[in-house]
Amino acid sequence: MAHARHARRLLLCASALALLAACSTPPSRFYHLDAVAPDAAPQDAARPAAAPLRGAEAQRRVIGVEGVKIPGYLDRSELVMRAPGNRLVVREFDRWGGPLDEMVTRKLLRNLEADLPGAEIVGLPLQRDFPLSQVVEVTLDRFDAAEDGPAVLEARWRVFDQGGDRLRRLGHTAAQEPVSAAGDPGAVADALSRTLTRLAQDIASALR
């Protein structure tokens with residue numbers, strides 16, 4: 001009998017400790033990427049803004065964008081930031097609102113739609129056969145921010161003509177954007193969104 005009472009006390013204590021631990025765990029926060037409006041996008045002073053596609057040409061063009069590839073260290077729900085000593089810091093309670101590669105791809109599509117008015121921008125693969133004028137492939141080598149530094153994007157991309165059969169252009173984009181509040185995940189997400197705007201501008205220039 002005494003052993004049974006002692007076991008019940010231990011079980012109650014363990015349950016109470018587990019409940020306290022659960023109550024003390026901070027809630028997760030979720031972040032997304034914004035497609036930056038063209039008026040808010042930074043312009044390279046050395047490169048004039050490209051003219052819109054001519055109406056007839058734009059109506060004929062359907063541009064397919066493959067899913068953006070991201071590096072393995074970013075293939076997780078938590079935000080990852082850089083720290084001194086070549087360290088990567090995983091922010092356990094600061095998370096993306098969905099798979100990062102899908103979020104990046106959606107925002108790139110929206111930015112390209114803004115940069116190429118009149119052209120049809122579609123994500124690949126398509127559910128049905130559709131004639132494509134050009135195909136874009138993008139690989140991110142870096143997409144993060146240091147705890148006390150700017151947001152950085154490094155990307156390699158390729159543009160294909162003839163529905164993806166002929167390589168037209170190889171490109172590389174390296175972009176940095178200041179983080180308004182160093183180390184703040186929301187400010188980091190905003191700055192990373194702006195780097196995607198610059199990536200879209202480079203790709204749009206190659207598509208014109």
Side-chain angles (χ1 to χ4, degrees), residues 20-49 65-112 114-115 136-158 170-206:
L20 287 173
C23 293
S24 63
T25 301
S28 294
R29 297 167 293 270
F30 295 89
Y31 301 90
H32 64 92
L33 298 168
D34 276 329
V36 181
D39 290 344
Q43 294 288 339
D44 186 342
R47 182 182 60 199
V65 179
E66 298 279 4
V68 176
K69 299 180 177 64
I70 63 174
Y73 77 93
L74 293 177
D75 190 14
R76 58 194 311 135
S77 60
E78 300 90 351
L79 271 72
V80 178
M81 301 184 70
R82 295 187 181 239
N86 294 322
R87 291 186 299 116
L88 295 174
V89 178
V90 178
R91 304 290 293 260
E92 181 180 0
F93 301 108
D94 296 309
R95 298 170 178 263
W96 293 113
L100 183 58
D101 56 345
E102 295 179 8
M103 294 176 66
V104 169
T105 301
R106 284 196 300 270
K107 301 316 175 188
L108 181 61
L109 286 169
R110 290 178 58 191
N111 284 330
L112 286 173
D115 287 333
V136 177
E137 295 178 355
V138 178
T139 299
L140 294 186
D141 295 318
R142 182 177 173 184
F143 188 64
D144 57 45
E147 290 183 315
D148 59 352
V152 177
L153 173 146
E154 295 178 2
R156 292 170 286 125
W157 45 270
R158 299 190 295 178
L170 287 171
H172 176 264
T173 296
Q176 291 190 14
E177 286 291 330
V179 177
S180 60
D184 177 74
V188 168
D190 286 341
L192 288 173
S193 296
R194 295 196 301 274
T195 67
L196 285 174
T197 300
R198 295 178 61 180
L199 171 63
Q201 289 174 339
D202 286 351
I203 295 173
S205 294

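Closest approach of A191 and V179 over heavy atoms only: CB-CG2, 4.0 Å. Scanning both residues, Y31 and L79, for their nearest heavy atoms gives CD1-CD1, 4.1 Å. Minimum heavy-atom separation, M103 to G97: SD-N, 4.0 Å. Across every non-hydrogen atom of P150 and Q176, the tightest pair is CG-OE1, 3.5 Å. Contact detail for L112 and A200: the closest heavy-atom pair is CD2-O, 3.5 Å. The minimum heavy-atom distance between V188 and A145, with the atom names listed, is CG1-CB, 3.9 Å.
A search for salt bridge (charged side-chain N to carboxylate O under 4.0 Å, His left out) contacts involving E78 returns R76, R95, not counting sequence neighbours. Among residues two or more places apart in sequence or in another chain, the side chain to side chain contact (heavy atoms under 4.5 Å, CB included) test is passed with L109 by V65, T105, I121.
Between atom CD1 of residue I70 and atom CD of residue E102 there is a gap of 9.5 Å, rounded to the nearest 0.5 Å. Put simply, CG on N111 and CG on D34 are 9.5 Å apart, with the number rounded to the nearest 0.5 Å. Here the CG atom belonging to L192 is positioned 4.0 Å from the CZ atom belonging to F143, to the nearest 0.5 angstrom. How far CH2 of W96 is from NE2 of H32: 10.0 Å, rounded to the nearest 0.5 Å. Taken from OG in S77 to CD in E92, the straight-line distance is 10.0 Å, to the nearest 0.5 Å. Note that CG of L33 is 9.5 Å distant from CG of D190, once rounded to the nearest 0.5 Å.
Look at E177 and R198 and you find a salt bridge, because one of the NZ, NE, NH1 or NH2 atoms lies within 4.0 Å of a carboxylate O, short of that distance.
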- request: Test L196 against R194 for side chain to side chain contact (heavy atoms under 4.5 Å, CB included), laying out the working first.
  value: CA-CA 5 Å; L196 285 174; R194 295 196 301 274; over 6 Å; no
- prompt: Hey, mind stepping through V138 and L199 against side chain to side chain contact (heavy atoms under 4.5 Å, CB included) and telling me if it holds?
  reply: CA-CA 10 Å; V138 178; L199 171 63; 4.1 Å; yes
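For the salt bridge (charged side-chain N to carboxylate O under 4.0 Å, His left out) condition, the pairs that include at least one residue of residues 139-150, sequence neighbours left out, are R82-D144, D141-R156, R142-D144.
Residues P185 and R91 meet the side-chain proximity criterion, which asks for heavy atoms closer than 4.5 Å. Considering only heavy atoms from C-beta on, R158 stays 4.5 Å or farther from V136 through its side chain. Contact of the T173 side chain with the L153 side chain is registered, since non-hydrogen atoms from C-beta on lie closer than 4.5 Å.
A donor-acceptor pair shorter than 3.5 Å cannot be found between the side chains of W157 and T139.
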